[in-house]
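Chain A is the first sequence line, chain B the second, and so forth, proteins listed ahead of strands; every chain is numbered from 1.
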Amino acid sequence: MDKSYRPEDIEQRIYARWEENGWFAPQGDGAPYCIMIPPPNVTGTLHMGHAFQDTIMDALTRYHRMRGHRALWQPGMDHAGIATQMVVERLLNAEGKTKHDLGREQFIERVWQWKEESGGQIAQQTRRLGASVDWSRDRFTMDEGCSAAVRKVFIDLYEEGLIYRGKRLVNWDPVLHTALSDLEVLTDDEAGHLWHFRYPLASGDGLLVVATTRPETMLGDSAVAVHPDDERYEALVGQDIVLPIVGRHIPVIADEYVDPEFGTGCVKITPAHDFNDYEIGERHGLPMYNILTDDAALNDEVPERYRGLDRFVAREKIVAEFQELGLLERIENYTVKIPRGDRSHAVVEPYLTDQWYVKIEPLAKPAIEAVESGRIRFVPENWSKTYFEWMYNIQDWCISRQLWWGHRVPAWYDGDGNVYVGEDEADVRKRHGLADSVALVQDNDVLDTWFSSALWPFSTLGWPEKTDALAEFYPGNVLVTGFDIIFFWVARMIMMGIKFMGDVPFHEVYIHGLIRDQDGQKMSKSKGNVLDPLDLIDGIDLEALVAKRTAGMMQDHLAPKIEEATRKHFPDGIDAYGCDALRMTFASLATTGRDIRFDVGRIEGYKNFCNKLWNAARYVLMNTESIDDGKIELSAADRWIRARFDRATRDMHRHIATYRLDLAAQAIYEFTWHEFCDWYLELSKPVLQSEASSPAQQRGTRRTLIDMLEAILRLLHPLMPFITEELWEPVARRADIGGDTIMLRPYPEPDDNAADDEAVADIEWVRQFILGIRQIRGEMDISPGKALPVKLLHAGESDRARAQRHALLLQHVGRVESIEILADDEQPPVAATALLGDLRLLVPMKGLIDVTAERERLDKQVEKTRAELARAHGKLGNENFVNNAPAAVVTQERERVVEFEKTLSQLTEQLQKLDELA
RNA sequence: GGGCGAUUAGCUCAGUUGGUAGAGCGCCGCAUUCACAUUGCGGAGGUCACUGGUUCGAGACCGGUAUCGCCCACCA
């Protein structure tokens, strides 16, 4: 074995072996356990969030697989309609072409090509993360099966009246030329203006002042509204306004929607370009003037001089014209909520179009009930509030998109505009008895990506076929995802699952936090603060990192800033930490919080942990070469570490069951390093090296070393799959354990016989003894190598027995030269002191000890003890405490007082000794 | 406007049903023939944001304040 842990030598080789052997597929005949991967966007690359999420899912999957479950982690990717189409369009643009040059069919062909390339890259990245997904079941939301599921769901919902087509206002993205769902529109505060316009009354008797943030929409006004109870305008309701520039006569109407307190209390109504105005228009039967084109330029509905102008150009022109007409009252600076498309970032316009909708309320009701009843549980529980809040106020879902890449709406139109829904044209003709002579044209729209994602928990398992996989793995056990897609995805899966499978798609939803950079900023390409998980695994030098972060920027001017920040944060680039260290880091970050700051400093500690484990294994293997089947005698230390291991095992089960991988990582780290390595391995050395220990004792220790290490590897495997596999092979051989791979060995289970109070108490005493000596050594600056004579004062019977029984350990691990037991009435020498209960450990000073330093040290302890004592006295002096606190707490407090007093008197006595000397 | 979350050591974070405030990193000191310097040993470092309350007892429970963050929402 190499002296150092080198992840690059082992990880890919091991993964290939796992995969070739088909070990990721469900094994054995245990109960099923299933997790569906949230399918990553096929044209993206895996980012830190994916790696974090994959770590969690893989840990859960491996854990359950080792516990004998038929574990399925279902892999796959999402076609990500808009995002993918944008990427490919950009590639085309770089070639100087547009998608229209290719035409729909060829363009889609082109996207498929790109999908193959990009998707393969993601699959490779997934492998590098150690993900034990069942590749044999890999799926894609646009593959034949998923597409069949989409068509079936669409047709069924349509026939049930839950999908309908309607002309109404939608969020229109004028850059992408498509409708968006409410969720795809992000509203932000932006600095803007509020323009106050004068609208003259047709009677010639004055005017009304209206305010708007979008002046150009006045061209589509069809009324001015006031509040019905607003006395100022009571007389005007029913009169007409002459709409400036347009010349149209429009009525003054009364509607409760108007807030009389805001502005002038008069609102211009543009039903075709504002969601509120649309509703008012419906209520009052107002005409709707659509004044925009698909590009958000003005159409032929407006006066000629405005036709064809971009909306923002028109805005300036309108304002100028009002100014000229003397109808501009004033301009106010104003913070405006600007709706933008989440992909294009273009300002979205409310726009009147024909779209397909899902009538959502009938689907939402049982989905709400599923969470209320506990059939689905959010972890942390708090997220159910977010879910409910959205579900209670849910709006119909616009599912059609005017794109080319995606599931084409399975609807056909005849020449008269009648719509027919079916599997394909032939199916439509059959269903509706349409002769071949009737020309049919398929709807041009595709479906929202999330429509197919919503079916993921069952479409991947073969639905609508009745497959064995479906019977076995639906519903899944847990969904692991981020809170950012609770609405987009989680809620919709629940609705569709209940609707089409008659059952929830999973029983638990584990919501993890979002990975941010070291400053808490969201990682994004434009900020240049993205970390590639593979760079943390393989390492990357500074120049390459800078180049990577500044390449392909949409906004070139940001590059220098990004370069500077990168050079500051990573002056030496990024070291290669290996996958296991990265995974341990992710696990340790998996707290209940919503934001996770990824600080590269943290991963280094876990690489060291890997190295520690590696070297512990070297030590164990070196010392178990001669293991045989002879008689075995277990020492207190052997029994102690076995008991401690059981404790760690129980912790792991508990923490994994509650999705606290941070606590699980901490527990196993603490045990492996600070109990197994720091103490047990050290305690094993004297036994193996001393002539005094019997062959049976040595066998007991060798046996324990190899047994414990083998078990620790299994305990660690779900979090650190590679190093544990690499080490397990020689360890298992040495331990004479069969099996081809650690990933299919049983996970350690709690052992009711493992508790061993006697051994634990003994070793605890040994540890305290040694810690006491070390403290004297450390604070006196005595070399750790120097063996010290120790005298024991006030040694009780058990102290004497333990000192004798564990003399070997104290000598070697504590570097104690000799132990002498003083009689109680014996005059102790001037010495440095450590206390172990009633027992006083004395290290005679004779040239070793600095008197001043020792006095300072003891003073510090006295001070601490006094403070504790005072606090305890205070409590016990309080009648209320004594009367009301549980008896056990009071007793404990009394015991502490006794303890402190004893300690104090011993310390005082020792200090007097020092004074005498001075 | 409504909802949610955060505030604990220099930094990043734990803190289980209220009962002696913890870890990692960083910092200071000692140590290198020993599985591991990717190490070992010792140490320093906290008014638990503030404020009232409940309680014998509050980092934890309740009310309020401040600061920061997120989500939802139709005030032109």
Hey, does [X] reach any base, or is it just sugar-phosphate, or nothing, if we go heavy atoms under 4.0 Å?
| X | value |
| --- | --- |
| A:Cys677 | base |
| A:Trp673 | sugar-phosphate |
| A:His674 | sugar-phosphate |
| A:Asp277 | nothing |

Mind checking salt bridge (Lys or Arg N to Asp or Glu O under 4.0 Å) for [X] and listing every partner two or more places apart, or none if nothing turns up?
| X | result |
| --- | --- |
| A:Glu675 | A:Arg644 |
| A:Asp189 | A:Lys337 |
| A:Arg618 | none |
| A:Asp517 | none |

Check: A:Asp599 and A:Arg597 side chains under 4.5 Å, non-hydrogen atoms
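A side-chain contact under 4.5 Å is absent here.
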Quote, to the nearest angstrom, the [atom1] distance that separates [N] from [M].
| N | M | atom1 | result |
| --- | --- | --- | --- |
| B:C34 | B:A58 | C1' | 49 Å |
| B:U20 | B:A37 | P | 40 Å |
| B:U51 | B:A44 | P | 28 Å |
| B:C30 | B:A21 | C1' | 28 Å |

Closest to side chain of A:Tyr669, choosing from B:U38, B:G42, B:G24:
B:G24
B:G43, B:A35, B:U20: which one has an atom nearest the side-chain heavy atoms of A:Asn615?
B:A35
Tell me the interatomic distance from [X], atom [atom1], to [N], atom [atom2], rounded to whole angstroms.
| X | N | atom1 | atom2 | result |
| --- | --- | --- | --- | --- |
| A:Leu771 | B:C41 | CG | P | 9 Å |
| A:His812 | B:C41 | NE2 | C1' | 18 Å |
| A:Asn611 | B:G40 | CG | P | 10 Å |
| A:Arg774 | B:G40 | CZ | P | 11 Å |
| A:Met622 | B:A35 | CE | P | 7 Å |
| A:Gln892 | B:G18 | CD | P | 16 Å |
| A:Glu604 | B:A37 | CD | P | 15 Å |
| A:Phe598 | B:G24 | CZ | P | 19 Å |

What protein N or O atoms touch nucleotides 27-34 of chain B N or O atoms at under 3.5 angstrom, if any, and at what distances?
| residue | atom | partner | partner atom | Å |
| --- | --- | --- | --- | --- |
| B:G29 | O2' | A:Asp781 | OD1 | 3.4 |

Got a list of protein N/O to nucleotides 55-57 of chain B N/O distances below 3.5 Å?
| residue | atom | partner | partner atom | Å |
| --- | --- | --- | --- | --- |
| B:C56 | OP1 | A:Asn884 | ND2 | 3.2 |
| B:C56 | O4' | A:Asn880 | O | 3.2 |
| B:C56 | O2' | A:Asn878 | ND2 | 2.9 |

Per-nt protein contacts along nucleotides 67-76 of chain B (heavy atom under 4.0 Å; B base, S backbone sugar-phosphate only, - none) come out as --BSSSBBBB
Taking only residues two or more places apart in sequence or in another chain, which ones pass side-chain hydrogen bond (donor to acceptor under 3.5 Å, both in side chains) with A:Tyr351?
A:Asp294
With sequence neighbours excluded, tell me which residues meet side-chain hydrogen bond (donor to acceptor under 3.5 Å, both in side chains) with A:Gln892.
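Per chain and number, A:Gln892 pairs via side-chain hydrogen bond (donor to acceptor under 3.5 Å, both in side chains) with no residue.
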Would you please say whether a donor-acceptor pair under 3.5 Å links the side chains of [X] and [Y]?
| X | Y | value |
| --- | --- | --- |
| A:Asp662 | A:Ser588 | no |
| A:Glu389 | A:Thr386 | no |
| A:His227 | A:Asp255 | no |

How far apart are the C-alpha atoms of A:Arg866 and A:Glu863, what are their side-chain angles, what is the distance that settles it, and do they pass the salt bridge (charged side-chain N to carboxylate O under 4.0 Å, His left out) test?
CA-CA 5 Å; A:Arg866 281 213 177 112; A:Glu863 207 176 310; over 6 Å; no
Determine, stepwise, if the pair A:Arg283 / A:Glu256 fulfils salt bridge (charged side-chain N to carboxylate O under 4.0 Å, His left out).
CA-CA 11 Å; A:Arg283 278 202 287 277; A:Glu256 302 267 344; over 6 Å; no
Quick one: which protein N/O atoms are closer than 3.5 Å to N/O atoms of nucleotides 15-17 of chain B? Pair and distance per line, please.
| residue | atom | partner | partner atom | Å |
| --- | --- | --- | --- | --- |
| B:G15 | OP1 | A:Arg660 | NH1 | 2.8 |
| B:G15 | OP1 | A:Arg660 | NH2 | 3.2 |

Looking at [X], I'd like to know whether one of its side-chain N or O atoms comes within less than 4.0 Å of OP1 or OP2 on [N].
| X | N | result |
| --- | --- | --- |
| A:Lys612 | B:U38 | no |
| A:Arg597 | B:C25 | no |
| A:Asn608 | B:U39 | yes |
| A:Lys3 | B:A37 | yes |
| A:Gln775 | B:G43 | yes |

Taking both distances under 3.5 Å as the test for a Watson-Crick or G-U pair, what stems of at least three pairs does RNA chain B have?
B:1-7 with B:66-72, B:10-13 with B:22-25, B:27-31 with B:39-43, B:49-53 with B:61-65
Would you please classify the geometry between the [Y] ring and the [X] ring as parallel, tilted or perpendicular, with 30° and 60° separating the classes?
| X | Y | answer |
| --- | --- | --- |
| A:Trp673 | A:Phe609 | parallel |
| A:His512 | A:Phe52 | perpendicular |
| A:Tyr5 | A:Trp614 | tilted |

What heavy-atom pair brings A:Leu705 and A:Phe676 nearest, and what distance separates the two atoms?
O-CZ, 4.3 Å
Presence of donor-acceptor pair under 3.5 Å, side chain of A:Lys385 and base of B:C4:
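Not at all, since no donor on one side and acceptor on the other fall under 3.5 Å apart.
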As an exercise, state the distance from CZ of A:Arg583 to CD1 of A:Ile723, rounded to the nearest 0.5 Å.
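Rounded to the nearest 0.5 Å, the CZ-CD1 separation comes to 13.0 Å.
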For A:Thr217, the option from A:Arg315, A:Glu349, A:Lys268, A:His273 that meets side chain to side chain donor-acceptor pair (under 3.5 Å):
A:Lys268
What does the list of N/O pairs under 3.5 Å between the protein and nucleotides 6-10 of chain B look like, with a distance for each?
none

Do other residues, nucleotides or ligands put more than 12 heavy atoms under 6.0 Å from the CZ atom of A:Arg516?
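Counting other residues, nucleotides and ligands, CZ of A:Arg516 exceeds 12 neighbours.
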Is it true that atom CD of A:Gln395 has more than 12 heavy atoms of other residues, nucleotides or ligands lying nearer than 6.0 Å?
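At most 12 heavy atoms, drawn from other residues, nucleotides or ligands, come within 6.0 Å of this atom.
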Do A:Lys685 and A:Glu682 pass the salt bridge (charged side-chain N to carboxylate O under 4.0 Å, His left out) test, and can you show the C-alpha distance, the side-chain angles, and the key distance before you say yes or no?
CA-CA 5 Å; A:Lys685 287 174 187 174; A:Glu682 293 309 315; 3.0 Å; yes
